[in-house]
Asks: 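Have a look at this one.
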Amino acid sequence: MTFASLGLIDPLLRTLETLDYRQPTPVQTEAIPAVLKGRDLMAAAQTGTGKTAGFALPLLQRLTLEGPQVASNAVRALVLVPTRELAEQVHESFRVYGQNLPLRSYAVYGGVSINPQMMKLRKGIDVLVATPGRLLDLYRQNAVRFEQLQALVLDEADRMLDLGFARELDELFCALPRKRQTLLFSATFSDAIRQMAKELLRDPLSIEVSPRNAAAKSVKQWLIPVDKKRKAELFLHLLQDKRWGQVLAFAKTRKGVDQLVDELQAQGVSADAIHGDKPQPARLRALERFKAGEVQVLVATDVAARGLDIDDLPLVVNVDLPIVAEDYVHRIGRTGRAGATGEAISLVCADEVQLLAAIETLIKQVLPRREEPGFSPDHRVPQTTLDGQVLKKPKKPKQKPVPGAGATGKGKIHLGNWFDESEKPAVKAVRKMPGFGKPSARKGPKKPG
Ligand code: AMP
């Protein structure tokens, strides 16, 4: 299969040649001809499958060959994305793929001044990539108009809903012309997403590229059990001992991200952070520096890191497991992209065993465990099973009846109750039991990125 056989025009084929894209990925093979024909699309495709080119290439072609010149403040194709980083990234893809075409693209998102965006929109934009909140602001201020809109793309639609953009999206959908092409991409398909698809799409072609929620096969995954308080120390040890190159690390909270970055920097490791508290220019700068190889470790929260495209990233480390199991799939999707192999290592403490069980159920595999010498946890991480069970400590073997006391029956000492919460003997004695390590009650999740 070649890009030419999918019906792409010469200027795009030349660009793909310079990018060294030799053949289309599965999502591209399916999406490109359908989008060129004007069909609506509902696609379950993860980041890393080449989905951006799957919609960007045919849309660029249609915008070049069909439709009027863009009018002042008008937009001809709108791509809605959940985060600022993804907006920049998708815009960059359109810029690169469309380098030989006479089209203008631009990205708008919150967290930066709105005035330059209003100025830029005055001339009209062929492809506008936007986060929903800022786009709505611009629309309400008449800085953007949709009469010329030919195509709408919802990228990572599930994430937009997760981030609470449902109201903004509804208001925007009402403002768009009904006659248009709509493409919906989502990693997962909840009822809410299906409902949205039903309302927005007309006779869509459904594409499911990799089995839903299955982690990329090219990523080797395992976990290292460790006590919570030693995670940073273990990370630093592995970084040095295994001579890791660049690492993308994930922590659960903004505070956790900052703490890890501080500890790494204190040890002379070049590290930077991406999370929701950082101003937008600082987030983009951190990403650029990481991509340029100036920073060895980039530490991020889930919200900020969703959809980041970083070429040839060999290693992702989950310093904390994500609260939402699907985010695990997205995190490890940063590595093993476009056919490359990658590794994803999770540092898991006893508190996280329920999160681990949920992830393993989702990805349909129990993650292999490798203990790191010197870091065996005091609080053991209980074993998990494929059906999401957390195995408690092994049962104490049945005691032989003590002469004169009997093990069962009324009025007799009942040894079997020893390991009930209420009656357990001194903690010290129980800790010696293999498999002991009941996770302490987890506090409510802190707000991520
Ligand atoms: P995406 O899933 O759109 O984020 O793309 C993942 C990565 O794959 C990006 O770095 C693209 O540049 C790259 N890519 C997309 N399509 C191809 C292709 N056909 N051949 C090689 N690399 C590709």
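First listed ligand is number 1; within each ligand, the first listed atom is number 1. No experiment lies behind these values; they were computed from the predicted model shown. Nothing fancy with the numbering, it's 1 onward along the sequence.
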Asks: Any luck finding a side-chain donor-acceptor pair between Y109 and E85 under 3.5 Å?
Replies: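 Not at all, the side chains of Y109 and E85 share no donor-acceptor pair under 3.5 Å.
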Asks: State, without any angle test, whether E371 and S376 hold a side-chain donor-acceptor pair at a distance under 3.5 Å.
Replies: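 Judged by distance alone, the side chains do pair up.
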Asks: Go through the structure and list residues passing side-chain hydrogen bond (donor to acceptor under 3.5 Å, both in side chains) with R134, not counting sequence neighbours.
Replies: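 Checked R134 against side-chain hydrogen bond (donor to acceptor under 3.5 Å, both in side chains); matches are Q117.
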Asks: Please determine, by modelled atom types, if T384 and E360 share a side-chain donor-acceptor pair under 3.5 angstrom.
Replies: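 The answer is yes; a qualifying pair exists.
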Asks: Near T52, which atoms of ligand 1 are under 4.0 Å from a heavy atom of that residue?
Replies: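 Every atom of ligand 1 under 4.0 Å from some heavy atom of T52: 1 (P), 3 (O), 4 (O).
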Asks: Just going by heavy-atom distances, which of F55, F185, Y97, Y21 is nearest to atom 18 (C) of ligand 1?
Replies: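 The option holding the nearest heavy atom is Y21.
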Asks: Which atoms of ligand 1 are found less than 4.0 Å from any heavy atom of G50?
Replies: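 So the answer, numbered in order with elements, is 1 (P), 2 (O), 3 (O), 5 (O), 15 (C).
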Asks: Show which atoms of ligand 1 fall inside a sub-4.0 Å distance from at least one heavy-atom site of K51.
Replies: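 Ligand 1 atoms under the 4.0 Å threshold to K51: 1 (P), 2 (O), 3 (O).
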Asks: Does some non-hydrogen atom of Q23 fall short of 4.0 Å from ligand 1?
Replies: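 Yes; Q23 lies near enough to ligand 1 that a heavy-atom distance drops under 4.0 Å.
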Asks: Is there a side-chain contact between L355 and V348 (heavy atoms, below 4.5 Å)?
Replies: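 Not in contact.
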